[in-house]
Structures are given as C-alpha cells and as structure tokens.
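Below is one structure, written out as structure tokens; the observations come after it.
What you see is a predicted model, and the numbers here were worked out from it, not measured in a lab.
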Amino acid sequence: MTATETTVAEAAARRLNLLAHGAREAAANAGPKDGDKLIAALTELGIPAFFADDCGVSYVLVGVDCTTDEGDAHTGPKVFLYSGENADLEPEEHTEPWTAALYDGEGEYIDQLFTVGLGLDLDTECAHAALYLTVWLAAHAADYPRAGPAAETPEPVSGARAEQPGGPAEEERQPGDTGRGAGEGVVYGRLPGAGGRAPGRSAADVLFSGLAR
C-alpha cells in the first residue's frame, strides 16, 4: 500500500468511526423500544424512518427515496428493518439482529439486503444497521425509482417499420452480468440488492468519494 493509499484508508476509517459513534450515541439516548433506538440511529445519519406494523408484525420503514412522508414511504420502493418479526421489543428481549429487506411499491419482496452481525450490544447493532443502510441507499436508491403515471402508447406512424422482437435494440436491453457473487459483503464488497442492474459502487466509493486522493 502506497503512502497515499494509507492516508486515504486512515481518513476513511476516521470518518466511519465518527458516523458509527454518532449513530450509536443517538441510539443510546433513545427508547424505550428497540425500534425507537434504530429510528434514532437512522435519523442521526439523515435517513427518515417510521415505525409500522401489519397484522401483529412490526418493523421500521424507510422509503428508498428517503421521503419524509410516511404515507409516501409505504407506496414507493421501501426497506423494512426488523428483528425476527418485531421492531417494538424491550431491549432485553431483542435477541435477533436487525435484518433489512427491500420491497417494491406494491409490497412485493425483492431482496434481503443485510443482517447485522451477532454479538453486538443493541446500541452498536442499531448504529451498524443504520450505517449499512446509508451505504446501500447511496449506491442503489436511483436503481429503484418511484413509479410514475403510466405513459400513453403512441399511435404508430404510417409507413414506419415496427421494431422486431429480438432485434439489436432488444438485445441491448437484456440485463448483463452483475459482476457480484453471492455472499459478497455489505460494507467491504459490492453492495447487494441491484438485481439485474449494473453492480453498485463499493462502500468505500460511496462513503469516501469526497476525500482527496
């Protein structure tokens, strides 16, 4: 590693530590439930989050577009964060780490984004979950736009040749290899959750792109 690379790595580590520390402090000062702590950690990192429940299953809701309107968060692409099937447990009852899953605007499951590692105290776990989601949103939010009104199909132009299925234009629309293998890390590797889209930036690219190189 060159001296420049070492300097960038050290600056990146300092920034990560500052973000994690701030999120952990926010979680520590929040409560009383585990979901309250997670929402506080997310808010500290600039991510609007809401408590929600559906038929006895509770979760923390985040709109992929980071909308500050809870109703809009429900109707667009969104992330659910939960521990088991809950986000309203007393801290001592929180025994499963936070998991984040991606859903579309209709509530259909798309992908599991991450599960925080085991062995952390709850405040630190909330900070890690908030940091992981911050990175994923920065890399992939643009891949999941909110659906707009359906466009009207234009009338065919007289004499125009219709594009045949399977032609060059269609071939260009076929999804390519994402370049991301199964199990690559959330923080240190390429970020999951882009489906057939092009691979996302690494966590380092997302978090530290503003650092001088």
Side-chain angles (χ1 to χ4, degrees), residues 8 11-12 15-16 18-20 22-23 38-39 41-50 52 59-82 98-116 126-153 168-213:
V8 170
R15 185 172 177 186
L16 266 177
L18 286 172
L19 291 171
L38 178 57
I39 289 172
L42 289 163
T43 301
E44 176 68 20
L45 297 186
I47 301 176
F50 312 94
Y59 52 91
V60 170
L61 166 70
V62 172
V64 170
D65 59 2
C66 286
T67 176
T68 58
D69 184 282
E70 183 176 355
D72 286 345
H74 278 286
T75 58
K78 49 193 165 283
V79 177
F80 295 168
L81 299 105
Y82 45 82
W98 292 116
T99 291
L102 178 66
Y103 290 79
D104 68 13
E106 302 298 321
E108 294 295 323
Y109 174 85
I110 299 176
D111 197 4
Q112 180 173 308
L113 303 183
F114 61 80
T115 296
V116 179
C126 290
H128 282 207
L131 199 57
Y132 291 173
L133 186 56
T134 299
V135 172
W136 187 88
L137 289 171
H140 289 306
D143 294 335
Y144 298 92
R146 183 179 293 273
E152 293 184 5
T153 303
E170 179 146 330
E171 290 176 1
E172 292 175 2
R173 290 194 292 267
Q174 299 302 314
D177 182 1
T178 64
R180 184 184 303 114
E184 290 187 303
V186 172
V187 171
Y188 297 106
R190 294 293 176 181
L191 301 171
R197 300 166 175 81
R201 294 173 289 164
S202 70
D205 292 334
V206 173
L207 285 175
F208 316 122
S209 58
L211 294 174
R213 297 185 184 276

Is there a side chain to side chain contact (heavy atoms under 4.5 Å, CB included) between L42 and T134 once you walk through the steps?
-> CA-CA 8 Å; L42 289 163; T134 299; 5.6 Å; no

In terms of heavy-atom contacts, A100 and V79 come closest through CB-CG1, 3.9 Å

Pair T67, R146: side-chain N/O donor-acceptor within cut-off below 3.5 Å = no

For L102, does its backbone N or O pair with a side-chain atom of K78 as donor and acceptor, under 3.5 Å?
-> no

Smallest heavy-atom separation, A20 atom then A127 atom, equals O-CB, 3.7 Å

A41 and A23: which non-hydrogen atoms are nearest, and at how many Å?
-> CB-O, 3.6 Å

Are any non-hydrogen side-chain atoms of I39 and F50 less than 4.5 angstrom apart?
-> no

Distance-minimising heavy-atom pair for I110 and D104 | CD1-N, 3.7 Å

May I ask you to check whether Y59 and Y82 place their ring centers less than 6.0 Å from one another?
-> no

May I ask you to test the C66-L137 pair for a side-chain heavy-atom distance under 4.5 Å?
-> yes

Is there a side-chain contact between W98 and T115, using heavy atoms and a 4.5 Å cut-off?
-> no

Step-by-step side chain to side chain contact (heavy atoms under 4.5 Å, CB included) determination, T99 to L81 = CA-CA 5 Å; T99 291; L81 299 105; over 6 Å; no

Which pair of non-hydrogen atoms, one from F114 and one from A129, has the smallest distance, and what is that distance?
-> CZ-O, 3.5 Å

Audit row: L16, L131, side chain to side chain contact (heavy atoms under 4.5 Å, CB included) steps and yes/no = CA-CA 9 Å; L16 266 177; L131 199 57; 3.5 Å; yes

